[in-house]
Each structure stands twice: as structure tokens, then as C-alpha cells.
Student: 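Mind looking over this structure? Questions follow.
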Amino acid sequence: MTTFRKAGLLLAMAALTLSGCKGDKEPSESGITDDSTPADDTGVTADDTSGGDDTSGGDDTSGGDDTSGGDDTSVTDSDGDGIPDDEDCAPDDPSVGAPSTWYADADADGYGDDNTTAVECEAPEGYVAQGGDCDDTDAAFNPGAVEDDCADPNDYNCDGSVGREDADGDGFAACEECDDTDAAVNPDAAEVCDGVDNDCDGLFDGDDDSLDTSTQTTWYTDADADGYGDAATGVLACDAPTGTVADATDCDDTDAAVNPGETEVCSGVDDDCDGLVDDEDDSLDASSQGTWYTDGDGDGYGDAATGVASCTQPSGTVADGSDCDDADASANPGQSEVCDGVDNDCNGSVDDNASDATTFYADTDGDRYGDPNSAVVACDRPSGYRYNLRDCDDTDAAINPDAEEVCDGVDNDCDGSVDNDATDASTWYDDSDGDGYGDPDSSSLECTQPAGTTSDSSDCDDGDSGVNPGASEICNSVDDDCDGLVDDDDGDVDTSTGSTFYADADGDGYGDPSSATQACSAGSGLSSNNADCDDGDSGVNPGADEVCNSVDDDCDGLVDDDDSSLDTSTASAWYDDSDGDGYGDATSSTLACSAPSGTTSDDTDCDDGDNGVNPGATDVCDGEDQNCSGFADDDGLCPCDVEHNGGHAYMFCESALSWTDAATACATYNYDLAAINDATEDSWLDGEADSRSTDKWWMGLNDRATEGTFVWQNGDAVSYTNWASGEPNDAGSNEDCAQLNRYTDGTWNDEPCASAFRYVCEAD
């Protein structure tokens, strides 16, 4: 059943709405059938097919259609979506368009009957948008149904065939294979490289382990992308892997310019991969060869008649074939032509434009001077020609460089000037500054007086009109009056033009302000400076350095330490004496002319915080260096021998005591039992002990507090030990103190602390 929305759409929708209110009947129940047209409320069909309008009881022709002016053909599209309002489901909403086709779905399987449709804006009850149902009375039949029972004769999926059919005749029902249109595709078929799942296992080509590998192709790596692959890199595959090709004839897959498709050229490479290189290859591009010529005389130019083509240069050949005489190394295009009767430059002419040819000049008047405007170049001098070109008039033998210049308006001596230096000329002096006095060093012999000259030659500076014999001498470092004397040396000098100078009796460049004189310049014993504060001492002036001498050396009014500019290199070093014992701290000093308070000139105090410690103090046995000798207890005041090593003092006491008594005895003198921190100290102590006695000696190592944990009596960390083999062993469970020199190898041993041995004390 199909209904169409035409001009009476609104009326039809109203009718459907009314019919829908009558129990939601199916479309067939609303009075609409496949072959009928909708009836109006009067029971008369809407369209009268008998011919023309039915005026008997249908439309009211008196006021119905307006037949006076024809149909109204104008179209209204209110929302501008391209669909007329009378065909638009929502005339005012451009997002909603024309009605859709809906399909009746009687079995409610989501697929409708293509033969029962409705064109509406919304899906009518029982209608769906998807058609194609081949049996709308049974939900098991529709295009989405699964058809997998080869024995079932029904076409459930509406595709026109059933699973048990064998359309391609390959012995497999359609439901048993994946393509019933191709007999070569079925579960028994062999998988081959063709882009098809031949054996219907869901895999094809290289993805299928059952692939017939004989159908694969061998592909070769084409690293240089020239279309030719490396034969050593072949892999089997249905399709070419990225970067591979089917051709395996490349002989160098790293160079795209080398492959069987290339042309062999002179390159030293087998360009076309035929196994032959350059001249050995008949296919060589001859245009890439060079032509080589025999160079018999070794001058770099070859004989053109001996040319041979080759990629490489044969021995004894060159690339240039322009030699005209290959037996003579002095004849080739690179040579210069010389006068020797040989075609040196190979241009076909002998001695032409020879580099050593001579230019000769015509001597028409026979005065032995040639005319520069009449010259020839030749290897030999022609008759009537001269080597020189100095004649300025080759028609007059009396005019030449040897002639005498006279005042006659002619250049007699050919020097380019007329009447210059004429033998009968007068001497004129340049007067550049126009003061009437000439420059004796700038003169000319002229027949007539030149402009800017004078006959006077007494000017000493012709560049300054104020300097001449008639000028006055003034202070300006110039010999103004040209008498040979300048400024103060000239008794005629005007001293009012000079400066004031001061007597510098001590010659230090600084003058006495109380002794002034007027002069052009500061002569001997004078200075322009008047800042000297003592003109009798050359070492005292504003430019001098202030030094420690109780004198104001630099004339600034300050003396010695009061002057911040003091040259401290002349001062003495004074050392802080904080403890007031008369001995100073060498690390804390002050440079000054006089001793600052709390300082001394002595820098030998080794402890400036203790006035009992200084080089003048008396040393006592206490592990300290009271007399600043650099060693503690070095005056023989201790009860035991004192030795020094590594900045430490050691007492070697030979009276035998228990370990604790020995420690007490050491402490009496501000010592501890010795702590040995490295092998060097151990070796030294062992040697010193042995030199006194090879018996046992107590040191400070013990485990009295915690068995097995040895510590040094003075608190040093245990960083070094030298126990004898098997020691310490705590024999008898009471060996808690250590002694050195127990064995001849100098190793250590633990002993009962109550044992009496010699002992070694140590002070820092």
C-alpha cells in the first residue's frame, strides 16, 4: 500500500489523525486500500475520474476552485530549505525536510515489506525505515538473518538462495564455503598468492600458514631506490615488502647511479653491472672518454697526430694536443716567442711579437736621436733607426737632447719646456707667501720673470708671510726675522710674547713660587710649575712618592704614616703582639713607618694568645712547645727520652709499668700512650723502640671496654693495625692491652693489661 503527499497533504494528515484516534487501526483499517483513493467525509471519492469536477454533491463550485484566472503556480518555502511549504514536514524549520518512505513491518523483525509503504513525515505505527523483508509474516526471514544450516531449504536472509545450493559446482554447498560463485574457492582449495581467501579459512596470501609458497615471488632489497635489487637479500612474499623489487641484478645497491639500466661511462665503476669497467666495456659511452696525446718532449703539450681515446691517461700522454714540435720542449703554445729563429709559441710565425724584441725609432735628420712617433719592433735594428726616442723634432738636426737651451721661444734641448734653464736666462725665486722675499731653495732659470717670484732669495719660510728678514722676533719657536736665532736665543726677541717661569734650583721639574722670570720657554734651571715645597731637595716635589723619612716628600702637607699615599715598600712590618710578651704574630702584620700601638718588630711568637709561650720562655715537660722551637719538650726536661716525628713528640720510657700505670705516667706530662695511625709511623716507632730495647713496649691500643673492639687511648679512630699472625687472641680471656715490638718483624700482640712493660707516650 502506497500513499503520496500531494496538494491535499494537510487534508490527508487531518484524516489520518482522525482515523488514528479510532483505536489505532492498521492503515488498511482506516479505509485506505492498495487500489482505492481516500474518501472524504461525504463518502464520495476525492478525485472524480469521470471527467471534470463533480458538481452534483462534491465540491461546491460556487465558491470552490477559482476558475476565473487559472491555477496559482507560486511556491512558498518559508524556511528556505529548498522544499515548498506544502511538501515540507516543518515549513518553519530548515533542519526538517520532505516526508520519508516507511515500510510495513508486520512481523516486527526490523525489516519492512517493500510492497507496503507510506510516505510520511513520521513513521506510522508498525512501519520501519528498512525494507527488503522477503516474508513479513515470519520474523525468522529478513536480510539480517543467519543462514547456516546446509540442510534447511529456506532462504532466511532473503538473498535469493539457500545454504544447500552449490552455485559454482565445486562440491561445496554455499553455506560450506566463502564464495559460491567461484569453483576455485572452497575449503579444499590451495591458498595461493592472488589476494583471495582460496581455502575459506578467513586468511589469505601471506597471512595464511597453508599458503602454497611456490606461488610467492622473490623480492630483493632496493636500498638505493633505483628499481634494481640486491641478489643477496631475497625474501619470498606474495606482495613486495616496502623497499624491495622483483629485479635482483643490481651490483651496488648503495648507489642509485649503478644498475643494469645505466650507461657505462668513465668513472672507475661498473655503472651498468655487466662486470666490465670503463674501457673494458664495449658499451662504454665514448663521449665520456678523454683524448690523450703523446708528449714526447715532456713539456705538457702533445702531438695532435697521436690522439687516442681512453678513460684513463696512458703513460707519456697529455690532454692537450696543440704542440707544434713535440721533439723540442721549448716550442709549445705555453712558450713566449723570442728572437731565436724558432716558432716558440706554435702560432705558425717565427720571431713574431717576440718577448725580447727591441723597439727602434726613425732618425730622419741624422742627429743620432730617434723620433718617438716613428717606431718599429724587430729582433734586429733596421738602417736609419735608433734605439732611443728622445728627438722632439726629427726634421732639425740642431734640436735634440744634446742641444743648448737659449731664450728663443724654442724647446732646443727636447726637455718638454721652452726656454727653461736657458743658458742666457735669469734666476727667479718662488715667493709663495707674497711677502716680497723669495725661497732660496726653490728657484728657476727663466727668460722672463714668472708670476709669484722675486729676485730676492732671503726668505727662511716662504709658506708664512709673517716670517721674513723684515719681521719682528716673537715667542713662537719660529725664526721670525730669518737671522738664524729663535725666541730666547735671539737678543731681539719680544719677551712680552712669552710666559712666566720659576727657578728650579734642584732640577726636579718643579719651581720655587717665590722666584719668577719672563721668557719664551723654560730654559735650564726654570720650570713652568711653581708647586715645589723645597727647591733645595730634588727628591721633594709633588711628583715624588711619600716615603718613611719624616719629610713631606710629595708636598701635600702630610708626612709619613699621616699620608695615605705613603709608599709602603719603604715602611717596616710591625707584628701584632696581642699577649704583650714582646714577640709578634708572623701571620698578622701592618706596614708603617712607626710601630702602631700593640705591635712589635719581632715575628717569632708561635702563640700570640699566651704570653708564657714565646722564644724567650723556658720549656717544661708537658707536650707543649713553650719556647717556639718547633718541638715540644726538646730541652731534656722530661723523665724519658723525647723524640720528634711528623710534628708529634714521643717519650720512650724504659721503666716497666702496667698498662694503666703507664697511661697515668704519660698523662702526668700531658701525654697519652702512643697511637699508631699508619705504616710509616709504625716503622719509625718500632725502630726507635728497638734502638733502646727489643723487649715489649706498651702503646695506647686496647679493648678494655668491649672485648674485640680495640680503641686508641687518646680517642683517635683505628685506621691502621699491624697484628702478628693469629693475634689478637685474648689468651686466657684477659689480654686487653696491645704492645708493639713483640716479635722480630715488628708486629703487634695483645697482653694482660697488668703486665709490666716499657711504654711509649705521644703528644700532638
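Since the model is a prediction, treat every value here as computed from it, not as a measurement.
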Student: Taking side chain as C-beta onward, heavy atoms only, is Asp487 less than 4.5 Å from Ser521?
Tutor: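 They are not in contact (no side-chain heavy atoms under 4.5 Å apart), so the answer is no.
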
Student: Not counting sequence neighbours, list each pair that qualifies as a side chain to side chain donor-acceptor pair (under 3.5 Å) and has a residue in residues 315-338.
Tutor: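 Applying side chain to side chain donor-acceptor pair (under 3.5 Å) to every pair that reaches into residues 315-338, excluding sequence neighbours, yields Asp299-Asn332, Asp320-Ser322, Asp328-Ser330.
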
Student: Just wondering, are more than 12 heavy atoms of other shown residues or ligands nearer than 6.0 Å to CZ in Arg368?
Tutor: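 No.
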
Student: Does any part of the side chain of Asp441, heavy atoms only, come nearer than 4.5 Å to the side chain of Tyr429, both counted from C-beta?
Tutor: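 Result no, sub-4.5 Å side-chain heavy-atom pair not found.
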
Student: Cys447 and Asp419: which non-hydrogen atoms are nearest, and at how many Å?
Tutor: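 Looks like SG-CB, 3.5 Å.
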
Student: Might you work through the side chain to side chain donor-acceptor pair (under 3.5 Å) test for Ser629 and Asp634, ending with a clear yes or no?
Tutor: CA-CA 8 Å; Ser629 67; Asp634 60 346; 2.6 Å; yes

Student: Do other residues, nucleotides or ligands put more than 12 heavy atoms under 6.0 Å from the CG atom of Asp678?
Tutor: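 Yes - once you tally the heavy atoms of other residues, nucleotides and ligands closer than 6.0 Å, there are more than 12.
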
Student: Can you tell me how far the CG atom of Asp462 sits from the OG1 atom of Thr454, to the nearest 0.5 Å?
Tutor: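 One gets 9.5 Å once the value is rounded to the nearest 0.5 Å.
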
Student: Please determine whether side chain to side chain contact (heavy atoms under 4.5 Å, CB included) holds for the pair Cys621 and Met651, giving the CA-CA distance in whole Å, both sets of side-chain angles, and the decisive distance to 0.1 Å.
Tutor: CA-CA 10 Å; Cys621 184; Met651 280 201 305; 4.1 Å; yes

Student: For Cys606 and Asp625, work out which heavy atoms get closest and say how close.
Tutor: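 Closest pair (atom of Cys606, atom of Asp625, distance): SG-O, 3.9 Å.
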
Student: Could you check if a side-chain atom of Pro542 sits within less than 4.5 angstrom of a side-chain atom of Tyr510, using non-hydrogen atoms only?
Tutor: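 Yes - at least one pair of side-chain heavy atoms lies under 4.5 Å apart.
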
Student: For the pair Asp424 (side chain) and Cys407 (backbone), establish whether a donor and an acceptor sit closer than 3.5 Å, ignoring hydrogens and angles.
Tutor: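 Confirmed, Asp424 side chain pairs with Cys407 backbone.
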
Student: Which heavy atom of Thr500 sits nearest a heavy atom of Ala516, and at what distance?
Tutor: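 Distance-wise, the nearest heavy atoms are CG2-CB, 3.8 Å.
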
Student: Might you work through the side chain to side chain donor-acceptor pair (under 3.5 Å) test for Asp402 and Asn400, ending with a clear yes or no?
Tutor: CA-CA 5 Å; Asp402 283 342; Asn400 59 66; over 6 Å; no

Student: What heavy-atom pair brings Thr359 and Ala375 nearest, and what distance separates the two atoms?
Tutor: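 Residues Thr359 and Ala375, closest heavy atoms: CG2-CB, 3.8 Å.
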
Student: Between Tyr650 and His648, what is the ring plane arrangement, given parallel below 30°, perpendicular above 60°, and tilted in between?
Tutor: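 Rings of Tyr650 and His648: parallel, under 30°.
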
Student: Could you tell me whether the side chain of Asp585 reaches within less than 4.5 Å of the side chain of Asp605, counting heavy atoms only?
Tutor: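 Asp605 does not reach Asp585 side chain to side chain.
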
Student: For a 4.5 angstrom cut-off between non-hydrogen side-chain atoms, does Tyr583 reach Thr604?
Tutor: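 Result yes, sub-4.5 Å side-chain heavy-atom pair found.
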
Student: Side chains of Val540 and Cys555: closer than 4.5 Å at any heavy-atom pair?
Tutor: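 Yes, their side chains come closer than 4.5 Å.
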
Student: Taking Asp371 for the side chain and Asp394 for the main chain, is one N or O donor matched with an acceptor at less than 3.5 Å?
Tutor: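 Answer holds: no.
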
Student: Under a 4.5 Å cut-off applied to non-hydrogen side-chain atoms, are Ser444 and Asn420 in contact?
Tutor: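 No, side chains not in contact.
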
Student: Run through Leu485, Asp494, Ile474 and flag the one making a side-chain contact (heavy atoms from CB on, under 4.5 Å) with Asp480.
Tutor: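 Exactly one option meets the side-chain contact (heavy atoms from CB on, under 4.5 Å) with Asp480, and it is Ile474.
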
Student: Donor-acceptor pair, Ser355 side chain versus Val338 backbone, under 3.5 Å?
Tutor: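 Side chain of Ser355 to backbone of Val338: no pair is present.
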
Student: How about Tyr385 and Tyr361: are their ring centroids closer than 6.0 Å?
Tutor: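 They do not qualify: ring centres at least 6.0 Å apart.
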
Student: What is the minimum heavy-atom distance between Asp393 and Asp365, and which atoms define it?
Tutor: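 Heavy atoms only, the tightest pair is O-OD2, 3.1 Å.
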
Student: Kindly state each residue pair satisfying side chain to side chain donor-acceptor pair (under 3.5 Å) with at least one member in residues 607-616, sequence neighbours excluded.
Tutor: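 Non-adjacent pairs meeting side chain to side chain donor-acceptor pair (under 3.5 Å): Ser578-Asp608, Asp581-Asn614.
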
Student: Identify the heavy atoms of Asp391 and Pro372 that sit nearest to each other, and give their distance.
Tutor: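 Answer, listing the atom of Asp391 first, then Pro372: O-CD, 3.2 Å.
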
Student: Indicate yes or no: at least one non-hydrogen side-chain atom of Asp481 is less than 4.5 angstrom from one of Asp490.
Tutor: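 Sidechains of Asp490 and Asp481: in contact.
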
Student: Once rounded to the nearest 0.5 Å, what's the spacing between atom CG of Asp508 and atom CG of Asn541?
Tutor: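 Interatomic distance, Asp508 CG to Asn541 CG, rounded to 0.5 Å: 4.0 Å.
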
Student: With a 6.0 Å cut-off (strictly less than), is the heavy-atom count around CG of Asp415, excluding the residue itself, greater than 12?
Tutor: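 Enclosed.
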
Student: Is a donor on one side and an acceptor on the other found under 3.5 Å between the side chain of Thr570 and the backbone of Asp567?
Tutor: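 Yes; at least one donor-acceptor contact below 3.5 Å.
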
Student: Tell me whether Cys666 and Cys761 have SG atoms closer together than 2.5 Å.
Tutor: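 A disulfide is present here, as the SG pair of Cys666 and Cys761 is separated by less than 2.5 Å.
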
